[in-house]
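One structure is given here, and the rest of the page talks about it.
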Amino acid sequence: MRKKKLGLLLTGVMMVGLLAGCGGKSADSPSPSGTAAGTVQETAPKETVKLKFFTGKVETVDLMNTLIQKFNSENPGIEVEQEYQKDASNVIKVKFASGDIPDITTVVEQDYIDQGKYLDLSNEPFWPRVLPAVKELSTDVKSGKQYQVATNVTMAGIFYNKKIFQELGLKEALTWDEFKANLQAIKDKTPDVTPLFIAGRDSWTLGHLIEFLAHGIIKQDLGVKSAREAFINNESDKLKFDQANGPIDTFAKRLLELQAAGLINKDALTATYDNQKEAFATGKAAMISQGMWVVADLLKISPDFQNDLGFSPYPSIQDGTKPVVLSADDSRYAITAQSKHPEEAKKFLEFLLQPENLKTYSEFLKSPPAFTDVTADWGPLKEQANQALSSGVNIAFTDSPSGFSGDDAGRMVQELLAGQYAASLDFAKAYKDAWDKAWKATHR
C-alpha cells in the first residue's frame, strides 16, 4: 500500500546553555533563565492537537468511535473527537457560518465545494487504489478536482422478504403496475403484514424516495454526468420539477396512490427508522426502501433473516422509463479548507483508508469497498446486488443545493402525506420553489 506519511515534526530539546566569561560572568554564575550553565532545558511539550470529526452517518457512529480510539492510541499528540448530528447537512451550514468548523467531515455539498470550503485532495497518493467509477463520482464536475474521497460503494433499492414472496408466488416488480399489484396481494393475503413500511418520522428516508424515484427519472434520461450538471447548475428545462406529469408530480401521485389504497403503514408519518428496521427484520413488513447501510442493523435484530433478505431495483414510476438502482459512492470524507490542522486531518484520513480499517468498515456496514486493494466479506446480498445492477439503470446520489438537504425534501413529503397539498402538481410547484430558493441563496 502506498502511504504518504504526513504530520508535524515535533522538536524534542533545545540547547540553552550560556558560555562562561560573557559579559564578565564566571562559569559558576547562573544563567538569566535560572538554569545552570551548560545544562539542557527541555521545551514544554506541545499541546495535543484536537481534530473535530463531524458526521451525519448514524449507522457508523459506534464503529467510528472504535477506530478513533485506535487512531488516538497510535498517534500520541493527536486526539480525534467525533460529533454526530441527525440533520448534519443543515447543522454544518451553521458551523461554517459561526466559525465552529470541523477538520474532517462526511458532509460534502456542491455549494460548499464552489465556495472553496474543502481542501483539494487531488494529489493525495491514495487515488490509484480507488475504483475508477468511484473516483469519477468523487470528481467535481466544474473544476475536475477531487475534494472528497469515498471509502465504499453503496446501493439502494427495494428490500423484500423472500419468504413472503415465495409463499404468495410473487416476483420482483420492475414496473409500477407490477409493484402495486405485489403490494395489494400482500395486503389481501397476509393482512397482518404491512406491504410497504415507510419511516416517515425520519425525514431523510422520505428525502431518499424523491432522490431515487423522482430524480431517478431525470438521471436515467440525462445520464450520470449530464444529470449531475443539470442538478448543480439548476437547469430547470431539463429538471422539469414543476411540470405536469413530470418527475415530481408523478412521484407525488404514486405515493398518494399507495397511501389511499392502504398499501403503506398507517403510521407512516410517525414511524421511525428503528421501527422500520424492526418491522422488516421480524416479518411484520414485506418491503422497505433502503440502502445497503441497513443490512448490518437488520441482521443484528434477526441474524437468520439473511436467508429471507431480497433486494431489487426501484420500479419505474413513469411510463416509458426503466427501473433504477442506486449505485454510488458512499461514506465520503472531506477536509475543510479552514482546518487549523490539515496535516493531522490528512493523517487521520489515511488511517481510515488503510486496507485493514477499510475491511473492518466494509464488513461492518455490509457494503462493498471502493478500494481495489481491499477484500471484504461484506454481506449476503452480493449475488442479488449484481442482478439488480444488471436489471435497473444505475443512478448516483443527487447534487442538491446546500440549503435544500434530503431532510428538507423529506419534510415536504411529510406535508404531502399529511394532506397539506391540494394536488400533486401543487406539491411539484412547491418543491421547485424550495429548490430554486436554496440554489439562488448560494448563487448570488
Side-chain angles (χ1 to χ4, degrees), residues 2 4 6 54-56 88-89 92-93 95-97 101-154 211 215 218-219 222-239 326-343 345-350 352-353 370-372 394-406 435-436 438-444:
R2 296 177 61 194
K4 180 179 179 182
L6 296 169
F54 180 71
T55 181
S89 293
I92 200 170
K93 180 167 52 178
K95 287 185 173 294
F96 279 132
I101 300 171
D103 298 283
I104 185 168
T105 180
T106 63
V107 184
V108 186
E109 304 285 356
Q110 181 64 43
D111 294 339
Y112 296 139
I113 291 176
D114 295 343
Q115 296 168 30
K117 303 236 180 244
Y118 303 114
L119 205 64
D120 182 5
L121 302 177
S122 303
N123 295 320
E124 295 306 308
F126 48 72
W127 289 111
R129 301 167 49 215
V130 179
L131 291 169
V134 173
K135 183 178 181 181
E136 181 181 0
L137 289 172
S138 300
T139 301
D140 175 34
V141 296
K142 294 183 178 180
S143 66
K145 297 180 179 180
Q146 291 85 34
Y147 296 95
Q148 60 181 311
V149 59
T151 60
N152 289 78
V153 176
T154 194
E211 189 169 9
H215 292 182
I218 301 167
K219 293 168 185 175
L222 299 179
V224 174
K225 187 175 185 296
S226 294
R228 288 189 67 197
E229 291 173 343
F231 285 116
I232 289 171
N233 298 320
N234 196 20
E235 299 173 14
S236 57
D237 58 324
K238 295 180 180 179
L239 299 177
L326 177 77
S327 176
D329 52 326
D330 186 41
S331 294
R332 305 167 178 173
Y333 297 93
I335 297 172
T336 57
Q338 290 180 269
S339 169
K340 296 179 181 178
H341 310 289
E343 297 305 312
K346 287 183 180 180
K347 191 168 188 177
F348 177 56
L349 178 59
E350 291 194 1
L352 295 177
L353 302 184
F371 281 65
T372 59
N394 298 178
I395 62 172
F397 284 110
T398 300
D399 295 283
S400 301
S402 60
F404 191 61
S405 69
W435 179 285
D436 287 348
W439 189 86
K440 290 175 182 177
T442 55
H443 293 78
R444 293 174 180 172

Any heavy-atom pair between the side chains of [Y] and [X] that's under 4.5 Å?
{"X": "T106", "Y": "Y333", "result": "yes"}
{"X": "Y112", "Y": "K93", "result": "yes"}
{"X": "T105", "Y": "Y118", "result": "yes"}
{"X": "W127", "Y": "V149", "result": "yes"}
{"X": "R332", "Y": "F397", "result": "yes"}
{"X": "E211", "Y": "L326", "result": "no"}
{"X": "L119", "Y": "P342", "result": "yes"}
{"X": "V224", "Y": "L137", "result": "yes"}

Quick one: closest heavy-atom pair of [X] and [Y], and the distance?
{"X": "S138", "Y": "A150", "value": "OG-N, 4.1 Å"}
{"X": "S89", "Y": "S405", "value": "CB-CB, 3.5 Å"}
{"X": "T336", "Y": "P102", "value": "OG1-O, 2.6 Å"}
{"X": "A88", "Y": "G56", "value": "CB-CA, 3.5 Å"}
{"X": "F54", "Y": "I92", "value": "CE2-CB, 3.8 Å"}
{"X": "P128", "Y": "T372", "value": "O-OG1, 4.4 Å"}

| query | Listed by chain and number, what are the side-chain hydrogen bond (donor to acceptor under 3.5 Å, both in side chains) partners of K135, not counting sequence neighbours? | reply | none
| field | Sequence-distant partners of K142, side-chain hydrogen bond (donor to acceptor under 3.5 Å, both in side chains), two or more places apart | value | D114
| field | Any side-chain donor near an acceptor of the partner, S122 and D120, under 3.5 Å | value |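 A donor-acceptor contact under 3.5 Å links the two side chains.
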Reported [atom1]-to-[atom2] distance for the pair [X] and [Y], which is rounded to 0.5 angstrom:
{"X": "Q110", "Y": "Q115", "atom1": "CD", "atom2": "CD", "value": "10.5 Å"}
{"X": "I232", "Y": "H443", "atom1": "CD1", "atom2": "NE2", "value": "8.5 Å"}
{"X": "N234", "Y": "D436", "atom1": "CG", "atom2": "CG", "value": "5.0 Å"}

| request: Return the orientation label for the F231 and H215 ring planes: parallel under 30°, perpendicular over 60°, tilted otherwise. | output: tilted
| request: Please work out which of the three classes, parallel, tilted or perpendicular, describes the rings of F371 and F126, given edges at 30° and 60°. | output: tilted
Test your reading of the model: is there a side-chain donor-acceptor pair from [X] to the backbone of [Y], 3.5 Å cut-off?
{"X": "W439", "Y": "S400", "result": "no"}
{"X": "K238", "Y": "A227", "result": "no"}
{"X": "D111", "Y": "S402", "result": "yes"}
{"X": "R228", "Y": "A396", "result": "no"}

| Stepwise side-chain contact (heavy atoms from CB on, under 4.5 Å) test for L121 and L349 | CA-CA 11 Å; L121 302 177; L349 178 59; 4.2 Å; yes
| said: Is there a side-chain contact (heavy atoms from CB on, under 4.5 Å) between T398 and K219? Walk through the geometry before answering. | reply: CA-CA 9 Å; T398 300; K219 293 168 185 175; 2.7 Å; yes
| query | Are Q146 and E124 close enough, and set up right, to give a side-chain contact (heavy atoms from CB on, under 4.5 Å), and what steps lead you there? | reply | CA-CA 10 Å; Q146 291 85 34; E124 295 306 308; over 6 Å; no
| Qualifying residues under salt bridge (Lys or Arg N to Asp or Glu O under 4.0 Å), relative to E136, sequence neighbours excluded | none
| request: Apply salt bridge (charged side-chain N to carboxylate O under 4.0 Å, His left out) to E229 and K225, showing your working. | output: CA-CA 6 Å; E229 291 173 343; K225 187 175 185 296; 2.6 Å; yes
| said: Could you go through L353 and T151, starting from their C-alpha distance and side-chain angles, then the distance that decides it, and tell me whether this counts as side-chain contact (heavy atoms from CB on, under 4.5 Å)? | reply: CA-CA 7 Å; L353 302 184; T151 60; 3.7 Å; yes
